[in-house]
Amino acid sequence: MLRFATRGDALGLDPHRHAFSPVSMPLAAITQGLIDLDHHAEPVPGIAAAWEVSHDLQTYTFRLRTGVLFHNGREVDAAAVQWNLARMQDPRIGHPLTRSALANVRETVVLDTHTVQCRLHTPSAAFLADLAYYPCNLIAPESVEQAHLHPIGCGPFKLSRWERYSVTELLRFEHYFEPDAAGNSLPYLEGIIGRPRKEDQV
């Protein structure tokens with residue numbers, strides 16, 4: 001179990017409404033996105049195993065991994081991705097950081113169970129970076145009513161407990177899809193506990 005101090009705390013846990021700094025909040029570990037960035041800030045697969053970009057840079061087609069699960073056991077499919085992106089774009093819901101990342105998306109279309117397509121307003125060579133895991137992360141559509149206090153993501157850790165300005169506790173998600181380079185299941189840790197510094201508590 002990893003224990004560490006965090007800088008402050010979140011207003012709520014809905015990742016579409018609130019921005020979490022991965023530096024200060026362990027909550028980033030409960031979610032995942034279509035795309036990740038490697039150590040050189042280059043796009044690499046996340047939930048999307050592969051993608052194609054049209055010649056005019058206005059259509060991005062993502063082929064999802066099969067068998068990736070949310071923490072409630074629901075598969076992360078194209079319909080769930082479409083729902084998440086639409087919710088992030090909703091000005092009544094989406095955090096300004098998230099909405100700005102998706103501002104160029106004209107529509108998101110489900111092509112089949114594991115294929116989703118983003119059609120842009122204007123050509124963009126930077127859209128993969130815009131769509132990277134943070135802030136464009138995914139939650140289970142069925143968890144929307146509880147997302148403020150207990151979101152259900154698809155990341156390497158699942159939320160166990162959150163007491164604002166006291167403790168954030170995460171547990172290893174035993175069905176996380178990504179292995180390490182040697183084929184070992186990730187994550188290695190059994191859990192993460194974060195506590196705000198005393199001076200940050202109110």
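This chain uses plain numbering: 1 for the first residue, then up along the sequence. Keep in mind that what you see is a predicted model, and the values were worked out from it rather than measured.
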For E107, the salt bridge (Lys or Arg N to Asp or Glu O under 4.0 Å) test, sequence neighbours excluded, returns R119
Show the atom names and distances, to 0.1 Å, of all donor-acceptor pairs under 3.5 Å that link a side chain in residues 36-49 to residues at least two apart or in another chain.
residue: D36; atom: OD2; partner: Q32; partner atom: NE2; Å: 3.2
residue: D38; atom: OD1; partner: H40; partner atom: N; Å: 2.8
residue: D38; atom: OD1; partner: A41; partner atom: N; Å: 3.1
residue: D38; atom: OD1; partner: E42; partner atom: N; Å: 2.8

Can L69 be reached from Y176 by stepping across I, L, V, M, F, W or Y side chains whose heavy atoms are under 4.5 Å apart?
-> yes
Pair up each side-chain donor or acceptor in residues 143-151 with any protein partner under 3.5 Å, not counting sequence neighbours, and list the distances.
residue: S143; atom: OG; partner: A140; partner atom: O; Å: 2.7
residue: Q146; atom: NE2; partner: H150; partner atom: O; Å: 2.9
residue: H150; atom: NE2; partner: L159; partner atom: O; Å: 3.3

Does D112 come within less than 4.0 Å of R63, counting only side-chain N to carboxylate O?
-> yes
Spell out, yes or no, whether W162 and L2 are grouped together once hydrophobic residues are joined by side-chain heavy atoms under 4.5 Å, including indirect joins.
-> yes
Show which residues join L111 in its hydrophobic cluster (side-chain heavy-atom contacts under 4.5 Å, direct or indirect), or state none.
-> V109
Given the rule in the side-chain hydrogen bond (donor to acceptor under 3.5 Å, both in side chains) test, do T61 and Q117 qualify, once you have shown the distances and angles that lead to the verdict?
-> CA-CA 4 Å; T61 304; Q117 189 174 81; 2.8 Å; yes
Any donor-acceptor pair under 3.5 Å from R195 side chain to T168 backbone | no
Apply ring pair (Phe, Tyr, Trp, His ring centres under 6.0 Å) to F127 and list each qualifying residue two or more places apart in sequence or on a separate chain.
-> Y60
Rounding to 0.5 Å, atoms CD1 (I152) and CZ (F70) come to a distance of 9.5 Å
Under 4.5 Å between any side-chain heavy atoms of F62 and I35, yes or no?
-> yes
Closest non-hydrogen contact found for R106 with H121 is CA-NE2, 3.5 Å
Residues pairing under side-chain hydrogen bond (donor to acceptor under 3.5 Å, both in side chains) where one sits in residues 88-101, two or more places apart or in two chains, turn out to be D90-R92
By side chain to side chain contact (heavy atoms under 4.5 Å, CB included), T66 pairs with (sequence neighbours left out) E75, H114
Salt bridge (Lys or Arg N to Asp or Glu O under 4.0 Å) involving E169 - partner list, sequence neighbours excluded | R161
If two hydrophobic side chains count as joined below 4.5 Å and joins carry through other members, does L131 share a cluster with V68?
-> yes
Path from L138 to L102 over hydrophobic side-chain contacts below 4.5 Å | yes
Does one side chain, of R87 or H16, offer a donor that lies under 3.5 Å from an acceptor on the other?
-> yes
Counterpart residues, salt bridge (Lys or Arg N to Asp or Glu O under 4.0 Å), relative to E142 (two or more places apart) | R74
Roughly how far, to the nearest 0.5 Å, is the CD1 atom of I192 from the OG atom of S160?
-> 12.0 Å
side-chain contact (heavy atoms from CB on, under 4.5 Å) assessment of F177 paired with V76 | CA-CA 11 Å; F177 68 91; V76 183; over 6 Å; no
Could I get the full list of ring pair (Phe, Tyr, Trp, His ring centres under 6.0 Å) partners for H71, not counting sequence neighbours?
-> F173
By salt bridge (Lys or Arg N to Asp or Glu O under 4.0 Å), which residues pair with D130, not counting sequence neighbours?
-> none
Considering all heavy atoms of both residues, which atom of S124 and which atom of L120 are nearest to each other, and what is their separation?
-> CB-CD1, 3.9 Å
Heavy-atom check, side chain of L64 versus side chain of V81, under 4.5 Å | yes
Quick one: which of V105, V116, T108 gives a side chain to side chain contact (heavy atoms under 4.5 Å, CB included) with L85?
-> T108
Could you identify which residues cluster with V110, counting Ile, Leu, Val, Met, Phe, Trp and Tyr as linked when any side-chain heavy atoms lie under 4.5 Å apart, either directly or through a chain of such contacts?
-> none
Could you state whether I30 and Y188 fall into the same hydrophobic cluster, counting links through intermediate Ile, Leu, Val, Met, Phe, Trp or Tyr residues with side-chain heavy atoms under 4.5 angstrom apart?
-> no
Any side-chain heavy-atom pair from N137 and P15 closer than 4.5 angstrom?
-> yes
